Amino acid sequence: MSIQRPKGTQDILPGTVEKWQYLEDTIRTVCREYGYEEIRTPMFEATELFQRGVGETTDIVNKEMYTFLDKGERSITLRPELTAAVCRAYAENKLYAWPQPVKLYYIGPMFRYERPQAGRFRQFHQFGIEVLGADKPVVDAEVISLVWTLYQRLGLTGLEVHINSVGCPTCRAEHKDKLLEFLKPHSHELCRDCQDRLERNPMRILDCKNPSCQAFTAGAPTTLDMLCPECKSHFEELQELLKAAGVVYKVDPRLVRGLDYYRKTAFEVLVEEIGAQSAICGGGRYDGLVAEIGGPPTPGIGFAMGMERALAAIEVQNKMPEFEKAGYAMIVALGQQAQRHGFAWVSALRKAGIPASIDLLGRSLKAQLKAADREGVKYALILGEEELNKGMAILRDLRVGEQEEVALNQVVSVLKDKFGEGVNA
RNA sequence: GUGGAUGUGGCGAAGUGGUUAACGCACCGGAUUGUGGCUCCGGCACCCGUGGGUUCAAGUCCCAUCAUCCACCCCA
């Protein structure tokens, strides 16, 4: 096997696509119920969009982007996430002129250059939503409640919804000062990673998993401690609304999301059972991002859900439904003459809305029936020389094991009858 | 980028230096001429990720390389 798929990518084969389709269908249903509409943006964008939109200090921009020059010497990047792109589309297509807020969702592949592991891929899929043009806490609550509803619909249990507020630029700056003040004396005792973070993004030290760092930061001021009145009441109102909606959540003051654009609300949904990469969903508010990209000042909030991780969770919790193979009719033709007739009959059946197939390998009767049986075929229509001469066909019910002769000109109506309402369902 | 584990037919899996590389599943064919699901019989790896090396002899030892998996960083 000389050529294989690129590292961190997957082939989704029959037998597995059904699961994806199920997930996608469930997502679309919930989005429809919530009044969200789908948006599709390019798989690649100008590199600058992500540099500005996601943030120069983030790992995504620093080490995880698939970036290349196209033939016109433009720097292009395979989308590592979609929030920035959706904001770009909002500004570029002047969606701010539409009735606000604009409620969007997307489903599709994202690309990040990372070492793959359980729950992490170079090409992975996200479902996400973005609400643009609304800044009230109800929006935050609706977004979180949509995720909550989706997981319930999928039958998932034991999920933890963590919420936090990282404040606005004003209170965040204040927090940063206080935090540095607190950490400086301990700086040499922090782990090597946190030493770096001290320079780069001190807030992230708060969610360092290193036990000793956690010990040092136990009493550190959190963003919650420093919220300005506006941010504070926003966060409080959000919690009231979540309670009202019956969403079970946990306030996690140490929840800090990796992307630069977050303001106020940040949240995550965790599932422990799926491995080290347990964040199944992450999101938050990003007022200011649209303006950053060149649009009018526009508040926004959204989240992204890892579909591979969601599928993993559904799988470990045994919540994946069984997918039965769709029953169809199989034309079993014997000999060239019969095959020609049979070929015409498959077309006729299909035209009548009855799913039908015919042997494509020129196999023996026995082999054809065996294959039909394996594929879960309900009815086999056997056409041989004898039958053709009589203008008949044998209709065999493979489930029951009984058969009868049917006049060829009645085949369609008889089968239509047998398949009943299931045909077009 | 760092660390660990693994690498035998489509899949799972034996093989602890020495003749023709077990077995199970799957697949293909057959068991009186045109009938599936059970059973029985038969077939299916010039070769053990790749390249070197050690040895009279290697799937079995050594080195390198590649790939996959898991973990770290970080994230969905």
Side-chain angles (χ1 to χ4, degrees), chain A residues 1-10 13 15 54 57-65 79-83 106-128 147 191-194 196-197 200-201 204 207-210 255-259 267-271 274-283 302-313 330 332-335 338 359 361 363-388 394-403:
Chain A
M1 209 44 61
S2 53
I3 299 181
Q4 46 193 138
R5 59 180 193 272
K7 185 191 283 285
T9 63
Q10 305 167 275
L13 307 175
V54 178
T57 70
T58 61
D59 276 11
I60 291 183
V61 170
N62 280 303
K63 46 183 230 195
E64 294 170 3
M65 295 208 300
R79 62 191 200 184
E81 59 108 55
L82 220 56
T83 300
Y106 58 83
I107 293 178
M110 306 295 157
F111 308 85
R112 255 121 100 159
Y113 192 88
E114 297 186 274
R115 287 280 291 267
Q117 74 184 70
R120 168 180 296 157
F121 307 88
R122 289 188 172 182
Q123 178 179 335
F124 60 104
H125 299 78
Q126 288 187 332
F127 150 59
V147 188
C191 71
R192 187 173 300 172
D193 290 330
C194 283
D196 295 342
R197 289 196 260 251
R200 266 230 153 93
N201 194 349
R204 318 228 67 243
D207 71 349
C208 179
K209 284 156 205 149
N210 188 315
L255 167 60
V256 176
R257 312 229 67 252
L259 314 183
F267 67 96
E268 264 180 14
V269 181
L270 307 170
V271 193
I274 60 173
Q277 309 309 319
S278 60
I280 194 175
C281 173
F303 69 78
M305 184 189 90
M307 295 180 71
E308 283 80 2
R309 293 181 188 178
L311 287 170
M330 175 70 92
V332 173
L334 305 166
D359 173 67
L361 293 174
R363 286 181 286 201
S364 66
L365 169 62
K366 181 182 208 156
Q368 290 192 46
L369 281 173
K370 193 172 180 178
D373 181 55
R374 229 185 346 237
E375 287 166 37
V377 164
K378 279 184 184 163
Y379 297 99
L381 197 66
I382 303 173
L383 283 180
E385 298 296 324
E386 283 177 33
E387 286 72 28
L388 280 181
I394 295 173
L395 180 62
R396 182 174 178 80
D397 183 325
L398 295 185
R399 306 260 164 103
V400 184
E402 288 169 359
Q403 61 188 40

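The figures here come from the full heavy-atom set of this structure, side chains too, leaving out hydrogens, waters and symmetry mates. Quick note on labels: first sequence line is chain A, next is B, and so on, each numbered from 1. Predicted model only: the values in this text are computed from it and were never measured.
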How many whole angstroms separate atom [atom1] of [X] from atom [atom2] of [N]?
| X | N | atom1 | atom2 | answer |
| --- | --- | --- | --- | --- |
| L381(A) | rG36(B) | CG | P | 17 Å |
| Y113(A) | rU2(B) | OH | P | 11 Å |
| D397(A) | rU35(B) | CG | P | 19 Å |
| M330(A) | rU35(B) | CE | P | 17 Å |
| D59(A) | rA76(B) | CG | P | 11 Å |
| R399(A) | rG37(B) | CZ | C1' | 12 Å |
| E114(A) | rA76(B) | CD | C1' | 9 Å |
| F303(A) | rC75(B) | CZ | P | 18 Å |

Measure across [X] and [Y] and return the closest heavy-atom pair with its distance rounded to 0.1 Å.
| X | Y | result |
| --- | --- | --- |
| A372(A) | M330(A) | CB-CG, 4.0 Å |
| L388(A) | A338(A) | CD1-CA, 3.6 Å |
| I60(A) | M65(A) | O-CG, 3.0 Å |
| I280(A) | A313(A) | CD1-CB, 4.1 Å |

Please determine, for [N], whether a Watson-Crick or G-U wobble partner exists with both distances under 3.5 Å, and give it or none.
| N | result |
| --- | --- |
| rC75(B) | none |
| rC56(B) | rG18(B) |
| rG3(B) | rC70(B) |
| rC27(B) | rG43(B) |
| rA64(B) | rU50(B) |

Has [X] got a side-chain atom pairing as donor or acceptor with [Y]'s backbone, closer than 3.5 angstrom?
| X | Y | answer |
| --- | --- | --- |
| S278(A) | G275(A) | no |
| Q368(A) | R363(A) | yes |
| E387(A) | G384(A) | yes |
| R122(A) | Y113(A) | no |

[N] versus [M] - spacing of their [atom1] atoms, nearest Å:
| N | M | atom1 | value |
| --- | --- | --- | --- |
| rC23(B) | rA45(B) | C1' | 14 Å |
| rC61(B) | rC48(B) | C1' | 16 Å |
| rG4(B) | rG10(B) | C1' | 29 Å |
| rC56(B) | rA71(B) | C1' | 45 Å |
| rC40(B) | rG34(B) | C1' | 22 Å |
| rC46(B) | rG36(B) | C1' | 37 Å |
| rA58(B) | rU16(B) | C1' | 13 Å |
| rU50(B) | rU8(B) | P | 10 Å |

Looking across every strand, which nucleic acid part, if any, lies under 4.0 Å from [X] by heavy atom: base, sugar-phosphate, or nothing?
| X | value |
| --- | --- |
| Q403(A) | base |
| G128(A) | nothing |
| L398(A) | base |
| A304(A) | sugar-phosphate |

Return the polar atom pairs (N/O with N/O) between nucleotides 6-9 of chain B and the protein under 3.5 Å, or none.
none

Sugar-phosphate atoms are those with a prime plus P, OP1 and OP2; base atoms are the rest. Using that split, label each nucleotide of nucleotides 24-34 of chain B B, S or - for protein heavy atoms under 4.0 Å, 5' to 3'.
---SS--B--B
Output, in order, the C-alpha distance, side-chain angles, deciding distance and verdict of side-chain contact (heavy atoms from CB on, under 4.5 Å) for H125(A) and E308(A).
CA-CA 7 Å; H125(A) 299 78; E308(A) 283 80 2; 2.7 Å; yes
Tell me, with the steps shown, if F303(A) and F127(A) meet ring-ring contact (aromatic ring centres under 6.0 Å, His included).
CA-CA 8 Å; F303(A) 69 78; F127(A) 150 59; 5.6 Å; yes
Taking atom NZ of K7(A) and atom CZ of F121(A), what is their separation to the nearest 0.5 Å?
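One finds 13.5 Å between NZ of K7(A) and CZ of F121(A).
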From Q126(A) CD over to M305(A) CE, what is the distance, rounded to the nearest 0.5 angstrom?
9.5 Å
Just the atom pairs and distances: protein N or O near nucleotides 69-72 of chain B's N or O, under 3.5 Å.
{"residue": "rC70(B)", "atom": "OP2", "partner": "A118(A)", "partner atom": "N", "Å": "2.9"}
{"residue": "rA71(B)", "atom": "OP1", "partner": "A276(A)", "partner atom": "N", "Å": "3.2"}
{"residue": "rA71(B)", "atom": "OP2", "partner": "Q117(A)", "partner atom": "NE2", "Å": "3.1"}
{"residue": "rA71(B)", "atom": "OP2", "partner": "A118(A)", "partner atom": "N", "Å": "3.3"}

Could you tell me which residues satisfy side chain to side chain contact (heavy atoms under 4.5 Å, CB included) with Q277(A), sequence neighbours excluded, listed by chain and number?
Q117(A), R120(A), R309(A)
Between the protein and nucleotides 39-44 of chain B, which nitrogen or oxygen pairs come in under 3.5 angstrom?
none

Pick the nucleotide of RNA chain B nearest each of R112(A) and A371(A); which residue has the one closer to the 5' end?
A371(A)
The side chain to side chain donor-acceptor pair (under 3.5 Å) partners of R396(A) (sequence neighbours excluded) come to Q403(A)
Residue pair L369(A), L398(A): steps toward the side-chain contact (heavy atoms from CB on, under 4.5 Å) verdict
CA-CA 9 Å; L369(A) 281 173; L398(A) 295 185; 4.1 Å; yes
Run the side-chain contact (heavy atoms from CB on, under 4.5 Å) check on Y379(A) and L395(A) step by step: do they pass?
CA-CA 7 Å; Y379(A) 297 99; L395(A) 180 62; 3.9 Å; yes
